[in-house]
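These notes concern the structure reproduced below.
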Protein chains: 2
Amino acid sequence: MKSDKISEAVVRRLPVYLRFLNELHTREIATVSSQELGQKLDLNPAQIRKDLAYFGDFGRKGIGYDVPYLIEKIRHILKLDQPLNVALVGAGNLGHALSNYNAYLQDTMKITAIFDSYKPKVGQKINSLVVQPMEELGSTIREQGIRIAIITVPEFEAQNVADTLVESGIEAILNFAPVILKTPSNIRIHAADFTTDLQSLAYYLQDGKEESEHEKQ
Amino acid sequence: MKSDKISEAVVRRLPVYLRFLNELHTREIATVSSQELGQKLDLNPAQIRKDLAYFGDFGRKGIGYDVPYLIEKIRHILKLDQPLNVALVGAGNLGHALSNYNAYLQDTMKITAIFDSYKPKVGQKINSLVVQPMEELGSTIREQGIRIAIITVPEFEAQNVADTLVESGIEAILNFAPVILKTPSNIRIHAADFTTDLQSLAYYLQDGKEESEHEKQ
DNA sequence: TAGATTGTTAATCGATTAACAATC
DNA sequence: TAGATTGTTAATCGATTAACAATC
C-alpha cells in the first residue's frame, strides 16, 4: 500500500504494537504473525496487517513479521529513532509523577526540562532536573530543540501555557489539564484528562445497584 | 431518538459537554445552543445535537439548551448523580497525584480507598486516606460498595491487580499501567497510558528537523 | 410574523473486517 | 508439495455531517 493519509487511529495503535514487540524481543522471540499480535492486543489481525502495510511491506508471506526488524521500522515511523526532548510544564504532583517515566519512553524520547510558575518550586530538583521558572521556557525550548511539551498545570493556567509553548515553537502538546486548548491547526494536541475518562466509565456501570426505586430500561 | 445502542465515542463526549456546561453555569449563563457548544469544544453542532438526542429531548427549538437542566440530565446519564466510590491501587507518585483530583470528579464520585503491596507504604496517609495492604482490597471494595478502580501499579503487577479487582466484583477499571489487561467482557476497561500517547504524538512532528540527510517524503 | 435552533432523516465519509490470490 | 501467512481489494459496518421540517 504505502502512503495515503494515515488516520489517527492507526498512528495510535503503532506504539501499542511497539510495546508488545519489545516484550517479544526481550523474550527472544524472533518472529510473530498478525494472528498472534491480534490475539494479544485484542485487535483484528487484518487490521494489524493493514496498519503496517500503510508504511511498507514489513512481513513475509507464510512466515510473519521479523520482530527486531519490525521494531526498527515502527520506531522509525514514530520518529523514536532520533533524540526527542520533551518539556514538562507544571511541577506539581502529577508533573512529578510523569517525570519518573523516562525509562518507559524508548531511550531516545526524554523529559529534559521542567517548568513551574510558582517561585518556591523553582530551583527544586526533580529526578536530577532543576525546576525552571516560566520565563526560561522559550529560551530553553530553543536551546534544547524541544519539540513536544506536556502540560500538567491547573486548568486556569493551561491556555496561557499553551500559548507560550506555541510562541516558543513547540510542535505537539500532551495536555493533562481539563480544558480544550485552542491552538493553531499545525500544532498537534492530545487530551489526557483522566477525570473525563473516569466519568465516562461510570456510564457503563450496571443500573440499579446503589439506586433504589423504579428506573426501568 | 432515544435508546439504540450508544457508541463509546458518544459516551466519551458527554463528560466534555458536562465540564463546559458547568463552566457556563458558574458564569450564570442560562442557555446554550449546539452551535456555541460546538465552537467551544471543536465539534460539529449536528453531532452534539445527535449525541444528546440519543438520551432524550433536552433542547427547545429556537432557543437551545437550558444549562442547569442539561447538566442535571448528563449527570444522570453518566450516573454522576449518585455516590460513586473509587479505589486507587498503587500509592506511588502517580497514584498520589491522582488522589488530589477528587475535587474535579463531580462531588458524588470520589476516591475513597488506596492500596499498595509495598509494606512500608501501608499505613501512610495520603490526602486523609490511609494506604491499605492489598489483602484488604476485597473486603474494602465490598464494604464501601466500590465499583470503579484505578490501577497505578507498575506494569508487571497490573494484570494480577486486575484479576483481584475482578474477583472482588469491580465493574470498571481505569488502567494507567502500560499493558493490555485481560478481563471478562463484562468489565469495562479504559487505557490511560500516557507513554503511548506521547509516542503517537512524535509521529506528527515535522520531518527533517533533528535529522540531517536525505529522508524524502 | 421572522429568526433561531432543535431533533431527525438521509447522504457522506471513513474505518474495520472478510476474503483471497500471491508466495514463502 | 502442503500449510501458513502476508498484502490488498472488496464488502461491511459505523460514525459524522448536511439538510430541513417542526416549532419555539
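Values below: every heavy atom of this structure, side chains too, minus hydrogens, waters and symmetry copies. Protein chains get the first letters and strands the later ones, always in sequence-line order, with residue 1 at the start of each.
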Under 3.5 Å, is there a donor-acceptor pair between the Thr164(A) and Glu167(A) side chains? no

So, does Arg75(A) use its side chain to make a donor-acceptor pair with the main chain of Leu80(A) at under 3.5 Å? yes

Considering the options Leu37(B), Leu43(B), Leu41(B), which one meets the side-chain contact (heavy atoms from CB on, under 4.5 Å) requirement together with Val16(B)? Leu41(B)

Show me, range against range, the stems involving DNA chain C, built from at least 3 consecutive Watson-Crick or G-U pairs below 3.5 Å. C:3-24 with D:3-24

Write down the distance between CD (Gln47(B)) and P (dG14(D)), rounded to a whole number of angstrom. 17 Å

Donor-acceptor check, side chain of Ser200(A) to backbone of Val11(B), threshold 3.5 angstrom: yes or no? no

Distance in angstrom units between Gln35(A) CD and dG7(D) P, rounded: 15 Å

Taking only residues at least two apart or on different chains, which pairs with a member in residues 171-206 of chain A satisfy ring-ring contact (aromatic ring centres under 6.0 Å, His included)? Phe194(A)-Tyr101(B)

Does a side chain donor of either Asp163(B) or Gln159(B) reach within less than 3.5 Å of an acceptor in the other side chain? yes

Looking at Gln206(A), is its backbone amide N or carbonyl O close enough to the side chain of Arg147(B) to form a donor-acceptor pair, meaning the two atoms are under 3.5 Å apart? yes

Please tell me if Ser34(A) has a side-chain N or O lying less than 4.0 Å from either OP1 or OP2 of dT6(D). yes

Residues in residues 16-23 of chain A with a heavy atom under 4.0 Å of DNA chain D, by number, are none

Of all residues at least two apart in sequence or in a different chain, which pass the salt bridge (charged side-chain N to carboxylate O under 4.0 Å, His left out) check with Glu8(B)? Arg12(B), Arg188(B)

Check whether any side-chain nitrogen or oxygen of Arg12(A) sits under 4.0 Å from OP1 or OP2 of dA15(C), and answer yes or no. no

Side chain of Tyr65(B): nearest nucleotide among dA18(D), dG7(C), dT8(D)? dG7(C)

Nearest to the side chain of Ser7(B), which nucleotide is it out of dA15(D), dT6(D), dT16(C)? dA15(D)

Return whichever of Asp51(B) or Gly62(A) has its heavy-atom-nearest nucleotide of DNA chain D closer to the 5' end. Gly62(A)

Using atom NZ of Lys61(B) as one end and atom C1' of dC24(D) as the other, report the distance to the nearest whole Å. 9 Å

Rounded off to whole Å, could you give me the CG-to-C1' distance for the Leu37(A) and dT5(D) pair? 12 Å

Could you state the CZ-C1' distance from Arg60(A) to dT8(D), rounded to the nearest angstrom? 20 Å

How close or far is atom C1' of dT6(C) from atom CZ of Phe55(B), stated in whole angstroms? 17 Å

Atom NZ of Lys73(B) and atom P of dG7(C) are separated, to the nearest Å, by 13 Å

Just jot down the salt bridge (charged side-chain N to carboxylate O under 4.0 Å, His left out) partners of Lys182(A), sequence neighbours excluded, or say none. Asp42(B)

Counting only pairs under 3.5 Å, give me each side-chain donor-acceptor contact of residues 19-30 of chain B, with atom names and distances, residues two or more places apart or in other chains.
| unit_1 | atom_1 | unit_2 | atom_2 | d |
| --- | --- | --- | --- | --- |
| Arg19(B) | NE | Pro178(A) | O | 3.2 |
| Arg19(B) | NH1 | Asp193(A) | OD2 | 2.5 |
| Asn22(B) | ND2 | Leu18(B) | O | 3.3 |
| Asn22(B) | ND2 | Gln106(B) | OE1 | 3.1 |
| Glu23(B) | OE2 | Arg27(B) | NH2 | 3.3 |
| Thr26(B) | OG1 | Asn22(B) | O | 2.9 |

If you only use heavy atoms from C-beta on, which nucleotide in dC24(C), dA18(D), dT16(C) is closest to the side chain of Ala46(B)? dA18(D)

Arg49(B) CZ to dA18(D) C1': how many Å, rounded? 10 Å

When the nearest nucleotide of DNA chain C is assigned to Glu36(B) and to Leu43(A) on a heavy-atom basis, which residue is associated with the more 5' position? Glu36(B)

